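What you see is a predicted model, and the numbers here were worked out from it, not measured in a lab. Residue numbers run from 1 in the order of the sequence given. Start at 1 and go down the list; that is how both ligands and their atoms are numbered.
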Amino acid sequence: MYIVPEKEIAALMSREAAFDAVEKVFAAMARKDAYNFPVVREGIGHEDALYGFKGGFDRAGLTLGLKAGGYWPHNLERRQLINHQSTVFLFDPDSGRMHAMVGGNLLTALRTAAASAVSIRHLARQDAKVLGMVGAGHQATFQMRAALEQRDFDKVIGWNMHPDMLENLAKVATEVGIPFERVDLPGMVQADVIISITSSFDAIFGSEHVSDGTHIACMGTDTKGKQEVATDLISRAMLFTDEVAQSISIGECQHAIAANQIAESDITQVGAVINGDHPGRQNDSDVTLFDGTGVGLQDLAVAASVVDLAIQQGIAIEVDF
Ligand code: NAD
């Protein structure tokens, strides 16, 4: 088997490669060539951590495996480690033997940013100019960089519950060379695309904060009980997701489903839009919302491409296992 350590990932994986891998696997999921296993995600009653497994099998790409890991909210302050910690395990689908173990931290950020970027490419208005960011933690900077590559944005606006953290976004804006403005939540009505990426358990913004024609990528809600947007916004929007089963159980749509405000059949896999089987946005005034719950197949797709590159470049550590 091969090991690709976390420290090697940055040199191996680009945003473009992550985008391609995630777009392909979303398309394979919608064709039913690839499927995710039920997610296990548990509060372990230690360090307030959420830990779990996301796995699946991509018959088209022959990728089988899982990501184990989760979210340790005190890591940054207590250990100077990022709050997300994960490792991807890939298995040979022919024999079941272990194929590779891959550091999953940077890959998680890249594949999560790629998911919202895929949604923006396929669902946002072509003339989108203002990107709105709700959240300014570790994932938010990756989200922002990937989103900025999808449309000709001329401004980023940002809101965060902890305002000091907005400096993270301002720094990226300076690096990329785009103006950045801090706004209050009502100011989000300026945005043509909004990404929410927080660890909130209560709705932060709702329909009154969103203009007609906006695309929203809700990326923070990946666990039962979490919530970023009010259900009035879910009821108003055309709904898309990575995986419907996750959207209604652990994603942003869980609350509107529980309140009977929407039906499961109102939610479309974004892969169907990628494959041309669903038209996506119908006109410039539609509000589209992508519920990015994060699927195991995304992790496997990016990890598999990293392992191939690491073997080619002689970076992968081979272990007789
Ligand atoms: P982080 O700890 O670095 O940042 C957390 C962010 O949430 C900060 O902006 C913080 O100010 C904000 N926040 C914290 N508590 C809040 C509250 N009660 N209300 C509103 N905002 C609050 O975390 P991160 O690594 O940036 O991850 C953010 C979220 O994204 C987490 O919930 C994580 O589980 C989720 N996530 C989802 C996916 C996916 O595929 N959908 C992948 C990775 C992470």
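The shortest heavy-atom distance from Glu228 to ligand 1 is not under 4.0 Å. Within the 4.0 Å heavy-atom cutoff, Gln298 does not count among the residues contacting ligand 1.
Per-residue contacts place Ala136 under 4.0 angstrom from the following atoms of ligand 1 (heavy atoms of the residue considered): 9 (O). Per-residue contacts place Asp222 under 4.0 angstrom from the following atoms of ligand 1 (heavy atoms of the residue considered): 33 (C), 34 (O), 35 (C), 36 (N), 37 (C), 38 (C). Within ligand 1, the atoms closer than 4.0 Å to a non-hydrogen atom of Thr112 are 38 (C), 39 (C), 40 (O), 42 (C), 43 (C), numbered from 1 in the order shown. Within ligand 1, counting atoms from 1 as listed, the ones closer than 4.0 Å to a heavy atom of Lys226 are 31 (C), 32 (O), 33 (C), 34 (O). For ligand 1, the atoms closer than 4.0 angstrom to any heavy atom of Gly135 are 9 (O). Of all atoms in ligand 1, listed by their number and element, those nearer than 4.0 Å to a heavy atom of Asn83 are 2 (O). Every atom of ligand 1 is numbered from 1 in the order shown, and the set under 4.0 Å from a heavy atom of Ile204 is 20 (C).
Under 4.0 Å from ligand 1, the heavy atoms of Thr293 that appear belong solely to its backbone.
Asp58 contributes no side-chain N or O that, together with a main-chain N or O of Thr63, makes up a donor-acceptor pair within less than 3.5 Å. Arg41 places no side-chain N or O within donor-acceptor distance of the main-chain N or O of Lys54, the cut-off being under 3.5 Å. Counting only distance, with no hydrogens or angles, the side chain of Asn283 and the backbone of Asp286 share a donor-acceptor pair below 3.5 Å.
Geometric assessment of Lys224 against the ring of Phe201 yields a negative cation-pi assignment under the 6.0 Å and 45° thresholds.
Between Met219 and ligand 1, an N or O atom pair is found at a separation short of 3.5 Å. Backbone and side-chain nitrogen or oxygen atoms of Asn160 are examined, and one is located within less than 3.5 angstrom of a nitrogen or oxygen of ligand 1.
Annotation: Lys226, atom NZ; neighbour count of heavy atoms from other residues, nucleotides and ligands within 6.0 Å is above 12. The environment of Arg78 atom CZ is dense: over 12 non-hydrogen atoms of other residues, nucleotides or ligands sit within 6.0 angstrom.
The option from Gln227, His84, Met161 that lies nearest to atom 43 (C) of ligand 1, judged by heavy atoms, is His84.
Between Asn105 and the choices His84, Gln85, His138, the side-chain hydrogen bond (donor to acceptor under 3.5 Å, both in side chains) rule is met once, by Gln85. In summary, of the residues considered (Thr108, Val295, Leu107), a side chain to side chain contact (heavy atoms under 4.5 Å, CB included) with Lys67 occurs for Thr108 alone. When each of Lys129, Arg151, Arg125 is checked for a salt bridge (Lys or Arg N to Asp or Glu O under 4.0 Å) with Asp192, only Arg125 meets the rule.
With respect to atom 4 (O) of ligand 1, the closest heavy atom belonging to the protein is Gly137 CA, 3.4 Å. Nearest protein heavy-atom neighbour of atom 11 (O) of ligand 1: His162 ND1, 2.6 Å. Closest protein heavy atom to atom 23 (O) of ligand 1: Tyr71 OH, 3.3 Å. Looking from atom 6 (C) of ligand 1 to the surrounding protein, the closest heavy atom is Thr198 CA, 3.9 Å. The protein heavy-atom contact nearest to atom 30 (O) of ligand 1 is Ile197 CD1, 3.3 Å. Of the protein's heavy atoms, Arg111 NH1, 2.7 Å lies nearest to atom 40 (O) of ligand 1. Of the protein's non-hydrogen atoms, the one nearest atom 26 (O) of ligand 1 is Gln139 N, 2.9 Å. When hydrogens are left out, the protein atom nearest atom 5 (C) of ligand 1 is Ser199 OG, 3.6 Å; that is the closest non-hydrogen contact.
Contact between Phe205 and Ile216 at its shortest, heavy atoms only, is CZ-CG2, 4.2 Å.
When ring centroids are compared, His278 and Phe240 come within the 6.0 Å threshold. No close placement of the His99 and Phe91 rings is indicated, their centers lying 6.0 Å or farther apart.
Taking a 4.5 Å side-chain heavy-atom cut-off between Ile, Leu, Val, Met, Phe, Trp and Tyr, the cluster of Ile250 extends to Val39.
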